Protein chains: 2
Amino acid sequence: MANIQQVAKLAGVSVATVSRVLNGQRTVSAKTRFKVEQAIEKLNYEPSMLGRNLRNSESRMLLILIPAITNPFYSEVIKGIEHIAISSNYNILLCETDSSPERENIYFDLVRTKMADGIISMDPAVNTETLKVLAKKHAIIQCSEYTPDSGIPYVTIDNEKASYQAVKHLIQLGHKSVAIINSDEKYLYARQRMMGYKRAIMEHGLELNDSYIIHTQQLGFEHGQQAMRKLLNLKERPTAVFTVSDLLAIGALKEINSQGLLVPNDIAVAGFDKIDFSNMTNPTLTTVAQPMYKMGTIAAEMLIAKIKGQEVEDVILDHELVIRQSTLG
Amino acid sequence: MANIQQVAKLAGVSVATVSRVLNGQRTVSAKTRFKVEQAIEKLNYEPSMLGRNLRNSESRMLLILIPAITNPFYSEVIKGIEHIAISSNYNILLCETDSSPERENIYFDLVRTKMADGIISMDPAVNTETLKVLAKKHAIIQCSEYTPDSGIPYVTIDNEKASYQAVKHLIQLGHKSVAIINSDEKYLYARQRMMGYKRAIMEHGLELNDSYIIHTQQLGFEHGQQAMRKLLNLKERPTAVFTVSDLLAIGALKEINSQGLLVPNDIAVAGFDKIDFSNMTNPTLTTVAQPMYKMGTIAAEMLIAKIKGQEVEDVILDHELVIRQSTLG
DNA sequence: TTAGTTTATGTAACGGATTACATTTCTTTA
DNA sequence: TAAAGAAATGTAATCCGTTACATAAACTAA
């Protein structure tokens, strides 16, 4: 594989000139540029990013930290990130942490060792302390889940409000016993969504019932099923369930169905995220739409700005309650 | 950020010695090693991958080409790839082509410019000619979709047989009119699955009916819905449908439901892939299980071997027909 | 024509590691 | 104790671009 020296030699110019042509500087005369281009063509030369990156001290890689690649919410955000990345000449280093600290550390090393120019963390289970330390010397953005007052810029939505609205919707349909399937409250979004749930319950003069509050370890169909099973085993089962993720909701739906009950007649269900699947269930799922793609694009833009040394502001995006069959019938 | 020179200076040794400590060579005396480690500690030194990669002429990145990140089939394969990658000290460069040649070319450049050490292509729409040329100088593996006799090693399953078995299953349940929702037959897997379909039909003395063969542009719910709509509009609608992807099957299921028909009583449905969601539909989906995770691990192992300059053999993995409610009730 | 600009090109240092080869130091053994 | 061999460490080239600075060439104006 040819290198810049050989191109320079063949073109009869210096490496500096070749580099100038490569980088589109206009201080090169037309004839010289032509000669160089000819040489590049003839040698089938492609500049090595290894050399360039070392010299420029950048990798042009963006590290994306997600807990699980199989959750469509993340896939959709990644699509957005990739769109911006590619148009800014960055590439995406996809890292699935499985919420494991060791894995996470391996990935953090990528930025420490200059293999990545910055990080978009979407992992709620991320080690905040490490992240904060890292953020002092490296460009880091949090997306969806964030750490208040950490100084790490973030994009997210108003989880409390979104949750409040979803639960309010259920209550306004006449439901008096509304359950929530939440994830672990060590995560901020889980706490925020719980607050929204409680606020809706209180404001409408309903009673908080601890047995209507279920926590799951992770966001997955099976966890939704299990949680729903618990709810269905109650003497007084709820007539509506709000889940903190569509995956959970779909699992819940499944469980309700397999016990011979009907959604929404016997139990209404609302989810969160508006992943594509949520429109394919039977009945279709009422859910809080998160602007996933947009969240991705904004996170990427913020990160790239940060890498360039610019200051960036936190962003809170709009969500929207999408009412479908699972609460209306 | 400290570099190796500074570490050497502080430790009172040469850079060579520091490098030896870094790379765990045992030709360093215990005291020297200790001094170096102290210096590393004190300076908070992390070796730059940019320097190391340039010197070693490798990037330790594996490029994964997929058409769409939102298809869970790919997510699952990626999980497998990542597992192997991480344990071999590689990282994953995720590239979604959207089946666009320009995008693809941008990504191919990553290997040409040394930003990636090899490619796992899972994109059926990949430009085979370019890929073949590239494969002469770079490590490339095809995963799932492949190009026979191209010299590019691949991991896949026996699509013809898998398809044959699925359709045979439907026929043995008594169905006389079995439709297929296939994707574009410019893809090999689509042609192979079509062959399996036809073989099953013929071998059982049924008649091939062109109107029972539907092609979709892409693999997505909506495409499955649309295709199903066409089938339901036929004067004599089929009593069973085999789709070439679970996503299509789920879309089909949806369409059947919304027209007030029942699966499997009115129409039986079988899918392909066994994505997680296929077990969450109502009814649950009969499908051909592909060993997605394993496919990923094997593809990664093959690629890494190839990068090391080893010869690798093509691999055909086992599939399995998983019979569930959508064909049995 | 000459000094002063502007434009084009070249030279060489630099980024940060690895490693072949050279050299020094330490052991071992006669 | 000297010579030989083994072990530890150092020197400097190398990977491949980019760019500050130096120089040369071309042009402008007087």
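Values in this document were obtained by computation on a predicted structure and should not be read as measured data. Side chains are part of it too, since the values below use all heavy atoms of this structure and drop only hydrogens, waters and symmetry mates. Sequence lines set the chain letters: A, B, ... in the order given, protein chains first and strands last, and positions in each chain run from 1.
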Notebook entry, point to check: What residues form a salt bridge (charged side-chain N to carboxylate O under 4.0 Å, His left out) with A/Glu58, not counting sequence neighbours?
Noted result: A/Arg60
Item checked: salt bridge (charged side-chain N to carboxylate O under 4.0 Å, His left out) partners for B/Asp109, two or more places apart -> B/Arg112
Next item on the list: Would you mind telling me which residue lines up with the more 5' stretch of DNA chain D, B/Ala16 or B/Lys114, judged by nearest nucleotide?
Entry: B/Ala16
Check: Does anything in residues 33-42 of chain A pair up under side chain to side chain donor-acceptor pair (under 3.5 Å), and if so which pairs, sequence neighbours excluded?
Finding: none
Notebook entry, point to check: Who pairs with B/Ser150 by side chain to side chain donor-acceptor pair (under 3.5 Å), at least two apart in sequence or on another chain?
Noted result: none
Note to self: For Watson-Crick and G-U wobble pairs within 3.5 Å on both distances, what is DNA chain D written in dot-bracket notation, | included for inter-strand pairing?
What the structure shows: ||||||||||||||||||||||||||||||
Item checked: Option from A/Val77, A/Thr97, A/Ile141, A/Val155 for which side chain to side chain contact (heavy atoms under 4.5 Å, CB included) with A/Met122 holds -> A/Val77
Notebook entry, point to check: How would you list, by chain and number, every residue that makes a side chain to side chain donor-acceptor pair (under 3.5 Å) with B/Thr156, sequence neighbours excluded?
Noted result: none
Checklist line | Value in whole Å for how far the P atom of C/dT7 lies from CD of A/Gln25 | finding: 15 Å
Notebook entry, point to check: Below 4.0 angstrom, N of the basic side chain to O of the carboxylate: do B/Lys79 and B/Glu76 qualify?
Noted result: no
Next item on the list: Please work out if A/Val18 contacts a base, only the sugar-phosphate, or nothing of the nucleic acid, heavy-atom cut-off 4.0 Å.
Entry: nothing
Next item on the list: Verify side chain to side chain contact (heavy atoms under 4.5 Å, CB included) between A/Glu82 and A/Asn91, making sure each step is shown before the conclusion.
Entry: CA-CA 7 Å; A/Glu82 181 153 46; A/Asn91 285 103; over 6 Å; no
Checklist line | Under the salt bridge (charged side-chain N to carboxylate O under 4.0 Å, His left out) test, residues paired with B/Lys137 that sit two or more places apart | finding: none
Next item on the list: Tell me which residues in residues 47-61 of chain B put a heavy atom below 4.0 Å from DNA chain D, sorted by number, or none.
Entry: B/Leu54, B/Arg55
Checklist line | Rounded distance (Å) that lies between atom P of C/dG16 and atom CG of B/Leu43 | finding: 13 Å
Notebook entry, point to check: Where along residues 28-41 of chain A does a heavy atom fall under 4.0 Å from DNA chain D?
Noted result: none
Next item on the list: Return the value, rounded to whole Å, for the distance between atom NZ of B/Lys9 and atom P of C/dG16.
Entry: 14 Å
Check: From the 5' end of DNA chain D to its 3' end, which nucleotides mark the outer limits of contact with chain A, defined by a 4.0 Å heavy-atom distance cut-off (strictly under)?
Finding: D/dC16 to D/dA20
Checklist line | Of all pairs that satisfy salt bridge (Lys or Arg N to Asp or Glu O under 4.0 Å), the ones with a partner from residues 9-31 of chain A, not counting sequence neighbours | finding: none
Note to self: Around atom NZ of B/Lys294, are there more than 12 heavy atoms from other residues, nucleotides or ligands closer than 6.0 Å?
What the structure shows: no
Next item on the list: Sort and list the pairs that fulfil side chain to side chain donor-acceptor pair (under 3.5 Å) and have at least one residue in residues 303-317 of chain A, not counting sequence neighbours.
Entry: none
Note to self: Just the rounded figure in Å: distance from P of C/dG16 to CD of B/Glu46.
What the structure shows: 14 Å
Next item on the list: Using side chain to side chain contact (heavy atoms under 4.5 Å, CB included) as the criterion, point out the one residue from A/Ile40, A/Val36, A/Leu10 that pairs with A/Tyr45.
Entry: A/Ile40
